Amino acid sequence: MPSTIVTEEIELIHSGKGPGGGGFSGDGGDSGDSSGSTRVPQRAYITGMFIALAGILMFFMAFVSAYIVRKDMPNSAWIPLQVPRILWLNTLILVASSFTLARAHSRFSAKDDEGFRHWWATTTFLGVLFVAGQILAWRQLAALGIFLASNPSSSFFYVFTGAHGVHLLGGILALLFVQFRATRKVTRGTAIEVVSMYWHFMDGLWVFLFLLLYLGR
């Protein structure tokens, strides 16, 4: 949260390291920029993420609106799609990843580097597992002869799951970046906050899309 970031920066200033000083509690690899003249305020990253998430939400809500309108059109030739059962498991995996991410965040706050890396890596693994499960769901549908252009319902299924999968891949890359590379313009604590916001949002978004595809078919 922003308050956590402010507290982190105050502690680093008092320790003589500045907003991007070394050490696990605020390590962002900013030591290469000693002047700090080009450093972006940490709260700007939080604000930027809120704006990005709002844009992503509008993007998906536009498709949701189109889904509802298209399904209820007369003579729409809409054939309800039998959602692959593996999506239940995929959903549980993604929900579990939010819990492991929260655990990683708590370990970071406790300055437990080993625990943080363990739970952060677990979150990344669950994210990869979710994407693999989505690909398996598409393969199951393809084996049944259900493709993107087979029916309006299948078209929306592939669009929803594909668009969400692409966005989640971006989150996986961000998780890997935080774990294996130091940032130069942002403290590690801020990077963790921003990536966590994105990941939890994509988790909640998927639960909504899954319920829409399952209950609104």
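Just so it is clear, the structure is predicted and the values come from calculations on it, not from any experiment. We count residues from 1, following the sequence as given.
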Answer whether the closest heavy-atom distance between the side chains of Arg107 and Asp113 falls below 4.5 Å. no
Is there side-chain contact between Trp119 and His105, with heavy atoms separated by less than 4.5 Å? no
Min side-chain heavy-atom separation Leu176-Thr124 under 4.5 Å: yes
Between Phe160 and Leu212, is any pair of side-chain heavy atoms under 4.5 Å apart? yes
Do the side chains of Asp203 and Leu101 get nearer than 4.5 Å, heavy atoms only? no
For the side chain of His164 and the backbone of Met202, is there at least one donor-acceptor N/O pair under 3.5 Å apart? yes
Heavy atoms only: give me the nearest Gln140-Ile86 pair and the separation to one decimal. OE1-CG2, 4.0 Å
Is any side-chain heavy atom of Tyr198 less than 4.5 Å from a side-chain heavy atom of Ile56? yes
Output yes when a side-chain donor or acceptor of Ser153 lies under 3.5 Å from a complementary backbone atom of Ile79, and no otherwise. yes
With ring pair (Phe, Tyr, Trp, His ring centres under 6.0 Å) as the criterion, how do Phe130 and Trp206 come out once you've worked through the C-alpha distance, each side chain's angles and the decisive distance to 0.1 Å? CA-CA 11 Å; Phe130 172 83; Trp206 170 251; 5.5 Å; yes
Quick check on Phe60: does its CZ atom have over 12 non-hydrogen neighbours (other residues, nucleotides or ligands) under 6.0 Å away? yes
Does the side chain of Phe116 come within less than 4.5 Å of Ile192's, by heavy atoms? yes
Phe63 vs Tyr67, ring pair (Phe, Tyr, Trp, His ring centres under 6.0 Å): CA-CA, chis, key distance, verdict: CA-CA 6 Å; Phe63 278 112; Tyr67 175 88; over 10 Å; no
Contact between Ile172 and Leu169 at the side-chain level, heavy atoms closer than 4.5 Å - yes or no? yes
I need the Ile93 CD1 to Thr100 OG1 distance, nearest 0.5 Å. 11.5 Å
Using only atom types and a distance under 3.5 Å, with no angle test, would you say the side chain of Tyr158 pairs donor to acceptor with the backbone of Ala149? no
Measure across Ala163 and Phe59 and return the closest heavy-atom pair with its distance rounded to 0.1 Å. CB-CE2, 4.1 Å
Strictly by modelled atom types, are Thr123 and Trp199 linked by a side-chain donor-acceptor pair under 3.5 Å? no
Give a yes or no answer on whether the side chain of Gln179 reaches the backbone of Arg117 with a donor-acceptor pair at less than 3.5 Å. yes
